[in-house]
Structures are given as structure tokens and as C-alpha cells.
Amino acid sequence: MAAKQDQVVLNLPSKYSKSSSPSTSSPSFDWLTTTWTVTHSTLSMWRSARNVRITYKLLPANADGYPRLDDLVEYEPSNKEGVRKTVAGIDTQGEDASSWDWRGKGLLLLIKSHWEILGWGEATTTGGQKERWAVTWFAPTLFTAEGIDVYCDRKEGLSEETYAAILEALGSLGEPKLVALVEKNMKPVDIRLPWVEG
């Protein structure tokens, strides 16, 4: 069976876009609120981690009426067995529905970052499995470089066919800095099942 998927269309991050209207819509909260496996990333911090996953859960809107998400990142250090680490925060949606501002919880309360959903969709693999995917962009902070992540809703990660289509779309963004970032730094994130659960 051949892989089936809609054409992958990605938006430029707002930092680079000259258009005020994105070419793709934003996913619904029902679609977004699940656990995502980070399958590929340009961020160096995931080179020493495996089974990186992010769980989004819908929270009540803030006082100004902006939607919020509980954001839990879980990962396992590559050099340790049976160890699970977490980074917890809250995302608040911006003026654009694909734009989010993250603030850490607890000791990370003063840490902030900005991220955007560049594209999202669904595909059917050659084996007949349905998979959802998303591509996110992270603005640089004091602690991390600008980066792009690829997510999949399957624990085992993204099919090669879908990843190839996403990579092609990333290469067609038309922004030399982002294309170079992907070409130089986009790497698979190690996945070794089963996950260490909390």
C-alpha cells in the first residue's frame, strides 16, 4: 500500500513572514491536546536525550480571554537507564492562533519562550497506520538557539515517507537562514521504546 497524505504546506515563522495571513490554518485544541513524540529537531539539547515527548492539555483561559495549555516535556537522558526528567510550563496563545508564549512552572517561573506551529496534518503510512504530524518553530532565548521540531502522535515516531515530505516543505520555505538551519542541524531524536513512565 502506498503512503497517503495531503500535501505538506508550512508557514514561515512570524519573525520572517512578510504576510499577515498564514497560508495554513491552526489545529483545533482537540487535535493539539495529546502527547507528541519529538522525532526530529535542530535543537542540540535533544542530542543527549531519548524518547522526548510533549503533552498538551487545555487549561481555562487567562484573565484576558486567551486560551492556555498545560505543557509537559518528558525525556530520558541518553547516558542513564530508567531515568525520566520533566520540564513543566504553561502556554498562552498569542494574537495569531498558531503562536504561543511559554512560561515555566516552579523554579522555571522566570523563564519564557515563544513558539509557533508552522504546519500540521495527517497521513497514512505504507503499512496502513494513521499518523498526525506537526512542525514547530522556537524563537531564540538566553538559553537556547532558534530551533525547529517535528512531532508525531505515534510513540514509535514518524514514517520515512511523511518525514521526507516535511523535509521537502522545510526546504521550500524560501528563507535562507531557516533552510540552512534545517540542512545543517536537523537530526533524528533517539526513540527507544518503551518509555520510562512517571
Side-chain angles (χ1 to χ4, degrees), residues 8-17 19-47 49 52-59 61-62 64 66-75 85-106 108-121 132-153 157-158 163 166-167 169-170 173 175 177-182 184-189:
V8 174
V9 178
L10 302 177
N11 295 316
L12 274 171
S14 57
K15 173 181 175 179
Y16 299 101
S17 180
S19 169
S20 57
S21 55
S23 55
T24 62
S25 62
S26 301
S28 69
F29 293 128
D30 282 345
W31 195 91
L32 184 60
T33 49
T34 189
T35 297
W36 296 93
T37 298
V38 180
T39 66
H40 298 77
S41 180
T42 64
L43 296 171
S44 60
M45 64 186 183
W46 298 138
R47 303 287 181 262
V52 180
R53 61 265 191 194
I54 303 175
T55 301
Y56 299 119
K57 293 180 182 176
L58 192 60
L59 294 171
N62 69 8
D64 295 322
Y66 287 99
R68 298 186 308 154
L69 297 173
D70 183 81
D71 181 320
L72 178 65
V73 177
E74 301 170 270
Y75 65 97
K85 296 197 170 186
T86 63
V87 179
I90 292 177
D91 299 309
T92 303
Q93 194 174 54
E95 296 290 342
D96 177 343
S98 291
S99 171
W100 295 87
D101 292 312
W102 179 90
R103 180 189 284 270
K105 290 182 182 178
L108 298 178
L109 188 61
L110 298 179
I111 309 299
K112 299 178 185 177
S113 69
H114 176 80
W115 63 279
E116 300 175 14
I117 300 171
L118 303 186
W120 58 282
R132 295 187 294 171
W133 59 267
V135 178
T136 57
W137 170 82
F138 298 85
T141 71
L142 288 173
F143 306 100
T144 57
E146 175 180 24
I148 294 175
D149 282 351
V150 178
Y151 299 172
C152 181
D153 68 341
L158 202 58
Y163 177 63
I166 290 171
L167 200 57
L170 284 167
L173 280 174
E175 172 50 54
K177 185 176 179 182
L178 287 181
V179 172
L181 174 69
V182 170
K184 182 180 178 183
N185 296 323
M186 184 66 79
K187 309 283 186 201
V189 178

- Query: Do the two ring centres, one from Tyr151 and one from Trp133, sit under 6.0 Å apart?
  - Reply: no

- Sorted by chain and residue number, the ring pair (Phe, Tyr, Trp, His ring centres under 6.0 Å) partners of His40 (sequence neighbours excluded) come out as Tyr163

Residues two or more places apart in sequence or in another chain: which of them pass side-chain hydrogen bond (donor to acceptor under 3.5 Å, both in side chains) with [X]?
{"X": "Asp101", "answer": "His114"}
{"X": "Gln93", "answer": "none"}
{"X": "Thr34", "answer": "none"}
{"X": "Arg68", "answer": "none"}

For [X], check side chain to side chain contact (heavy atoms under 4.5 Å, CB included) against everything at least two apart and list the hits.
{"X": "Ala145", "value": "none"}
{"X": "Pro13", "value": "Tyr16, Glu116, Leu118, Trp137, Leu178"}
{"X": "Ser113", "value": "Trp102, Thr141"}
{"X": "Asn185", "value": "Thr42, Arg47, Leu181"}

- Message: Between Arg103 and Asp91, does any side-chain N to carboxylate O distance fall below 4.0 Å?
- Response: no

- Got a sec, which pairs hit salt bridge (charged side-chain N to carboxylate O under 4.0 Å, His left out) with one end in residues 29-45, sequence neighbours left out? none

- Item | salt bridge (charged side-chain N to carboxylate O under 4.0 Å, His left out) contacts in which one or both residues fall within residues 32-43, not counting sequence neighbours |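 Every candidate salt bridge (charged side-chain N to carboxylate O under 4.0 Å, His left out) pair involving residues 32-43 fails, so no pair, neighbours aside, qualifies.
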
- Query: In this structure, are over 12 heavy atoms from other groups packed under 6.0 Å from Lys57 atom NZ?
  - Reply: no

- Item | Aromatic Trp31 / basic Arg132 pairing, under 6.0 angstrom, 45° off normal | yes

- Item | Sequence-distant partners of Glu146, salt bridge (charged side-chain N to carboxylate O under 4.0 Å, His left out), two or more places apart |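 Glu146: salt bridge (charged side-chain N to carboxylate O under 4.0 Å, His left out) contacts with Lys177.
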
